[in-house]
Amino acid sequence: MRFSRLFHPIRPDNVVAFRILFGSIMLWEVYRYFSYGWIHDYWIEPLVNFKYGGFFWIQPLAGDGMYYLFFVLGALSLFIIAGFLYRASTVLFFVLFTYTFLLEQGRYLNHFYLVILLSFLMMFIPAHRTFSVDVWLFPKLRRKWIPAWTLMLLQFQIGAVYFFGGIAKINADWLSGSPMDLWLPGTDFPLVGQYFDIPAVTLFISYAGLLLDLLALPLLMFRKTRPWMALALLFFHLSNDRLFSIGIFPWFMIGVLVIYLPSSWPRQFWAYLKEMNSVRLKLAVVITSLTGGFLALFFHQAFHLVPLLYGLLITPILFWDFHKNPADENMVQHENQPAHSNLVLAGLGVWVFLQIVIPLRHYVIPGNPSWTEEGHRFAWHMKLRSKSCEQDFFIADSKSFKKKPLDIDEGPLQSWQYNDMIGRPQLIAQYAKMLSTAFDGKPIYAEVRCSLNGGPWRPLIDPDVDLSNVSFHDWKRNDWIIAY
């Protein structure tokens, strides 16, 4: 069969490990929203929210509804960890998390988009066939094998984040060392931070990041290079957490490195630990684990349980991979292996096609996506640009069209919403509509000036266009945005 490898039986252990990892990182994220007061700040206090095209009808829950929703997300995260009512839990988690995502476009983050994609995939991936409450309650669910496409799909999805993040870095600014030459000098980074003022160092870091992204997937998939690439990515994500404080993303990406290990790695690793008869080897594993825990807290610069556990657990697994470089087990005996499914192949084909086309769509849109924002989102453009902007809004009489400066205090936004809006045409257009509605439909104009990666200040928006009558199109050129 042409696609028989996709249906090759593998142990379910690795996808089970992914299930537990995903649930634990989501539980931590829910805790962060409660502990930092973000539920109130993002969805209760604001008078309005920036919405995504086609989803303007979605509104936050009234009263304490958003708090209850996050309690449910926390419970669902626990259910996913335990494999309890797994199918229903993943469906509900996907729906509710996507709902919170769609409520506020100003809070777009690539890793929230990644969570949505992965939670959608988990609805179809049987990550509850072993080591789950569901199997304990319903023994007929237990399986010794699952089709290989379940793990390969996860590997592809994580690999796409790296690869297209690398493709996005192939631009003139990044290849000249910018914006790293703006961000790194003067930062507090252990041991090597003092060298960040040297242009050659920031240029080296830019190219190193580019190569890591482009090579991550192929080198993680190749057994002999897997531990070396995993080690490089471990320090890459630790450094990102120290430099940029980007929430759960570095830790999630550290954790998912395990999906590139053999499908049966948990039982192989456990057997490795039980069979160790050398005191020196046992000591090496313990020291490696403690070192990982120390590095996690050191780079994170705060005590949180998830980074500590990741440091304690991931580093000995990495040590084992270096020591044994395990291969996957031979094919397990399959039990009633289903016939070749054209439906599964069609679904996989559509998904892979979309995950390739969407990140590359900006290539068919004239202009620089870091400037215009056209094709910038949902494309793994991460930490690619430094964009400084200043903007002034004007209101015009609907008859004489005479412009009058508009005091921003008259607007309906919270300060964080206004800061998120600056320099983002899709949000500026929405804000202009809000202002126009508040002022009886009067035309709204804006003068927006931006500097991209330390470059000259240039106009971003056509100052003569009534922004209350425009829409932002993410898949084509918007003529009211001035090209870079």
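Remember, it's a predicted structure, so these values are computed and weren't measured experimentally.
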*How close do Val16 and Ala127 get, heavy atom to heavy atom, and via which atoms?*
CG2-O, 3.6 Å

*Do the non-hydrogen side-chain atoms of Leu137 and Phe84 ever get within less than 4.5 Å of each other?*
yes

*Heavy atoms only: give me the nearest Met382-Gly165 pair and the separation to one decimal.*
CE-CA, 4.4 Å

*Arg32 to Trp38 six-membered ring, cation-pi geometry met (6.0 Å, 45°)*: no

_Please determine whether a side-chain nitrogen of the Lys or Arg among Arg87 and Asp134 lies less than 4.0 Å from a carboxylate oxygen of the Asp or Glu._
no

*Should Tyr68 and Leu61 count as side-chain neighbours, where that means a heavy-atom distance under 4.5 Å?*
no

*asked:* Side chains of Leu210 and Leu175, heavy atoms from C-beta outward: is any pair under 4.5 Å?
replied: yes

Taking only distance into account, with no hydrogens and no angle test, what donor-acceptor pairs under 3.5 Å do side-chain atoms of residues 311-324 form with protein atoms, sequence neighbours excluded?
residue, atom, partner, partner atom, Å
Thr315, OG1, Thr288, O, 3.2
Thr315, OG1, Gly311, O, 2.6
Asp321, OD1, Arg226, NE, 3.4
Asp321, OD1, Arg226, NH2, 2.8
Asp321, OD2, Arg226, NE, 3.0
His323, ND1, Tyr272, OH, 2.8

*Examine the side chains of Ser263 and Asp328 and answer whether a donor and an acceptor come within less than 3.5 Å of each other.*
yes

*Roughly how far, to the nearest 0.5 Å, is the CD1 atom of Ile39 from the OH atom of Tyr42?*
11.0 Å

*Is there a side-chain contact between Tyr86 and Met122 (heavy atoms, below 4.5 Å)?*
yes

*With side chains defined as the heavy atoms from C-beta onward, is the minimum distance between Ile44 and Tyr67 less than 4.5 Å?*
yes

_Going by the rule salt bridge (Lys or Arg N to Asp or Glu O under 4.0 Å), which residues pair with Glu104 if we only count those two or more places apart in sequence or in a different chain?_
none

*asked:* For Trp28 and Tyr310, I'd like to know if the aromatic rings sit close, meaning centre-to-centre distance below 6.0 Å.
replied: no

*Taking the six-membered ring for Trp, is the centroid-to-centroid distance between Phe378 and Tyr113 below 6.0 Å?*
yes

_Closest approach of Arg19 to Ile81 (non-hydrogen atoms, all atoms of both residues)_ = NH2-O, 3.0 Å

*Minimum heavy-atom distance Pro366-Val364, with the two atoms named*: CD-O, 3.8 Å

*Please determine if Arg242 forms a cation-pi arrangement with Phe298, meaning its NZ or CZ atom is less than 6.0 Å from the six-membered ring centre and no more than 45° off the ring axis.*
yes

*Say you draw a straight line from OG1 of Thr100 to CG of Leu73; how long is it, rounded to the nearest 0.5 Å?*
6.5 Å

